[in-house]
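Scroll down for the structure; my scribbles are underneath it.
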Amino acid sequence: MKKDIVIIGGGIVGLNCAYFLQKAGRQVTIIDENDITNSTSFGNAGLLSSYDKTPLSYPGVVTNTLKLMLKGQSPVILHPTTDLKIYNWLTKFILSANEKRCKKTMMLFEKFGEISLQFYEQMIKEDNLDFDYHRDGMLSVFTEDKSYEDKLKKYNIPDDDRFEILNHSQIKEYVPTITSKAKGAILFKKNAHFDSRRVMSELKRHLEEIGVEFILNERVEQLDIKNDKIKYIITSSGNQYKAEHTIMSTGYQTLLVKQCNKELVMTPAKGYSITFEMPTELKPKTSTLFNDLFIVMTPRRDNVRLTSKLEIGSTDPKVIQKQIDSIKNNFFTYNQSFDMKNEVTWTGFRPLTPNDIPLIGKDEKISNLTYAMGLGWLGMTFAPAVGSIISDLIVNDKKNAQSDGILLFSGFYQ
């Protein structure tokens, strides 16, 4: 079965690659091992945090994490493992946690995050997609004195268009459940949020309408590679697909990457979400990041979602109740108690690179293979920018060195 472009993986990055390629006149097929109704993208907080949000590997992350561990509030869990690749990833993560790297990463976040926000707004306007999208900022709440003081030092020059430092009564207006234990909060005005489940559903529906083919519940198990080209894509059903070009967008899964003799410095990080209903008068006004706890609380049209936790070294796909309880305990340490009605818990794996920069670009040896991976916890934030870069690379038959987007924003070149 001959295809033009096959995208392996139907997460938010895969869907955006399909969106821009189909728009450019190519015929796109998406193959996914599930029905893409419960992927990691569906469990995302929906916070589009391209502005004023430090990467995971920020200066002081190790010390701060150890302090939170002693308090029983750390979002990071490192499981004992004999996998040397995880320790290699951790070493690179720690080396990336410096001021120079952090500053560069935040500049890239801002550049490509703004591109993505504009693309999302264009999709809403031109394609009539309902994302439950709101560009009303991100509230960053601090629960540790030092982190709040450090942040205030960086934002000591007034910039009303970019941020606002809130007093306690103003914080209560934004987060009615907050208690006096919170040390302070800053509203970063340029960020946005939406309902990630709605985004995935709307995008899939739209792509089907414009002719993108979906082959679902079919796992790609083998790539038949000959003469430095992928000749056939072979699935669990025994089907063989011949594609002019293949895009690898398989999230944290790297079995197919290994068949291409490619080693990606990336690790799966297990995260959790709790989606629930709560009294309208208690809902936050905008997406709220509890900065020191790595908890995000996002209001949605019909409910609210909490996301948290980074489990490194876990391969267990099940929801672990102990982790759900930990998220709630950390959250309610700084928020008044309320009932989480019709609660739905979820877990999934985020594909993390050591410096939060995605792994995108053409394979150096296999001429008809491109990677779109490693977006980690920022898949929703950067997916349209990545989709646009990948589309330009393939449609215009560019080499990686000819793409400014690849050279600037690919971990292969960082």
Assess whether a salt bridge exists between [X] and [Y], defined as any Lys/Arg side-chain N lying under 4.0 Å from an Asp/Glu carboxylate O.
{"X": "Lys190", "Y": "Glu110", "result": "no"}
{"X": "Glu149", "Y": "Lys146", "result": "no"}
{"X": "Asp397", "Y": "Lys362", "result": "yes"}
{"X": "Arg219", "Y": "Glu33", "result": "yes"}
{"X": "Lys67", "Y": "Glu144", "result": "no"}

Can a donor-acceptor pair be found, under 3.5 Å and without considering hydrogens, that links the side chain of [X] to the backbone of [Y]?
{"X": "Gln259", "Y": "Glu221", "answer": "yes"}
{"X": "Asp316", "Y": "Lys318", "answer": "yes"}
{"X": "Thr298", "Y": "Ala45", "answer": "yes"}
{"X": "Glu114", "Y": "Phe109", "answer": "no"}
{"X": "Gln22", "Y": "Leu207", "answer": "no"}
{"X": "Asn156", "Y": "Leu152", "answer": "no"}
{"X": "Arg350", "Y": "Asn44", "answer": "no"}
{"X": "Asn368", "Y": "Ile230", "answer": "yes"}
{"X": "Lys365", "Y": "Asp228", "answer": "no"}
{"X": "Tyr58", "Y": "Lys53", "answer": "no"}

Can you measure from [atom1] ([X]) to [atom2] ([Y]) and round to the nearest 0.5 angstrom?
{"X": "Ser337", "Y": "Phe331", "atom1": "OG", "atom2": "CZ", "result": "10.0 Å"}
{"X": "Ile389", "Y": "Asp404", "atom1": "CD1", "atom2": "CG", "result": "9.5 Å"}
{"X": "Ile247", "Y": "Ile360", "atom1": "CD1", "atom2": "CD1", "result": "11.5 Å"}
{"X": "Cys260", "Y": "Leu369", "atom1": "SG", "atom2": "CG", "result": "5.0 Å"}
{"X": "Lys153", "Y": "Asp150", "atom1": "NZ", "atom2": "CG", "result": "5.5 Å"}
{"X": "Ile31", "Y": "Ser249", "atom1": "CD1", "atom2": "OG", "result": "12.5 Å"}

Quick one: are [X] and [Y] in side-chain contact, heavy atoms under 4.5 Å?
{"X": "Tyr241", "Y": "Val220", "value": "no"}
{"X": "His206", "Y": "Met123", "value": "no"}
{"X": "Ser50", "Y": "Asn191", "value": "yes"}
{"X": "Leu129", "Y": "Val199", "value": "no"}
{"X": "Pro299", "Y": "Lys285", "value": "no"}
{"X": "Val296", "Y": "Ser287", "value": "yes"}
{"X": "Phe163", "Y": "Asp52", "value": "no"}
{"X": "Lys23", "Y": "Tyr19", "value": "yes"}

Any chance [atom1] of [X] has more than 12 other-residue heavy atoms, nucleotides or ligands included, within less than 6.0 Å?
{"X": "Asn227", "atom1": "CG", "answer": "no"}
{"X": "Lys283", "atom1": "NZ", "answer": "yes"}
{"X": "Asp339", "atom1": "CG", "answer": "no"}

Just by distance, with hydrogens left out, do [X] and [Y] show a side-chain donor and acceptor under 3.5 Å apart?
{"X": "Lys309", "Y": "Ser326", "value": "yes"}
{"X": "Ser96", "Y": "Asn355", "value": "no"}
{"X": "His134", "Y": "Thr286", "value": "no"}
{"X": "Arg300", "Y": "Thr275", "value": "no"}
{"X": "Gln122", "Y": "Gln118", "value": "no"}
{"X": "Asp292", "Y": "Ser147", "value": "yes"}
{"X": "Arg197", "Y": "Ser201", "value": "no"}

Practice task
Starting from the C-alpha separation in whole Å, work towards a yes-or-no answer on side chain to side chain donor-acceptor pair (under 3.5 Å) for Ser180 and His168.
Solution key: CA-CA 8 Å; Ser180 59; His168 190 71; 5.7 Å; no
Exercise for the section: Please report the C-alpha distance between Arg301 and Asp195 in whole Å, then the side-chain angles of each, then the deciding distance to 0.1 Å, and finally whether the salt bridge (charged side-chain N to carboxylate O under 4.0 Å, His left out) criterion is met. Expected result: CA-CA 8 Å; Arg301 189 173 299 159; Asp195 182 336; over 6 Å; no
Practice task
Might you work through the salt bridge (charged side-chain N to carboxylate O under 4.0 Å, His left out) test for Glu244 and Arg26, ending with a clear yes or no?
Solution key: CA-CA 11 Å; Glu244 289 293 320; Arg26 302 300 292 265; over 6 Å; no
Problem - Check: Tyr334 ring centroid to Phe290 ring centroid under 6.0 Å - result: no
Handout entry: NZ or CZ of Lys262 within 45° of Phe412 ring axis and under 6.0 Å
Key = yes
Handout entry: Six-ring centre of Phe214, Lys204 cation under 6.0 angstrom, axis tolerance 45°
Key = yes
Handout entry: Whether Phe131 and Phe194 hold their rings parallel, tilted or perpendicular, with breakpoints at 30° and 60°
Key = perpendicular
Practice task
Let me see the working for Arg198 and Asp302 under salt bridge (charged side-chain N to carboxylate O under 4.0 Å, His left out), right down to the final yes or no.
Solution key: CA-CA 11 Å; Arg198 192 178 295 273; Asp302 304 315; 3.6 Å; yes
Taking all heavy atoms of [X] and all of [Y], pick out the closest pair and write down the distance.
{"X": "Ile295", "Y": "Ser308", "result": "CG1-OG, 3.4 Å"}
{"X": "Ala24", "Y": "Val395", "result": "CB-CG2, 3.8 Å"}
{"X": "Leu393", "Y": "Ser403", "result": "CD1-CB, 3.8 Å"}
{"X": "Tyr148", "Y": "Gly184", "result": "CZ-CA, 3.6 Å"}
{"X": "Gly11", "Y": "Met200", "result": "C-CE, 3.8 Å"}
{"X": "Ile324", "Y": "Glu343", "result": "CG2-OE2, 4.3 Å"}

Exercise for the section: Sort out for me which residue in Thr250, Asp363, Thr246 forms a side-chain hydrogen bond (donor to acceptor under 3.5 Å, both in side chains) with Tyr371. Expected result: Asp363
Problem - side-chain hydrogen bond (donor to acceptor under 3.5 Å, both in side chains) partner of Asp325, the single match among Gln321, Lys328, Lys322, Gln323 - result: Gln321
Practice task
Could you pull out all residues at least two apart from Tyr51 that satisfy ring-ring contact (aromatic ring centres under 6.0 Å, His included)?
Solution key: none
Exercise for the section: Please list, chain by chain and in numerical order, all residues satisfying ring-ring contact (aromatic ring centres under 6.0 Å, His included) with Phe42, sequence neighbours excluded. Expected result: none
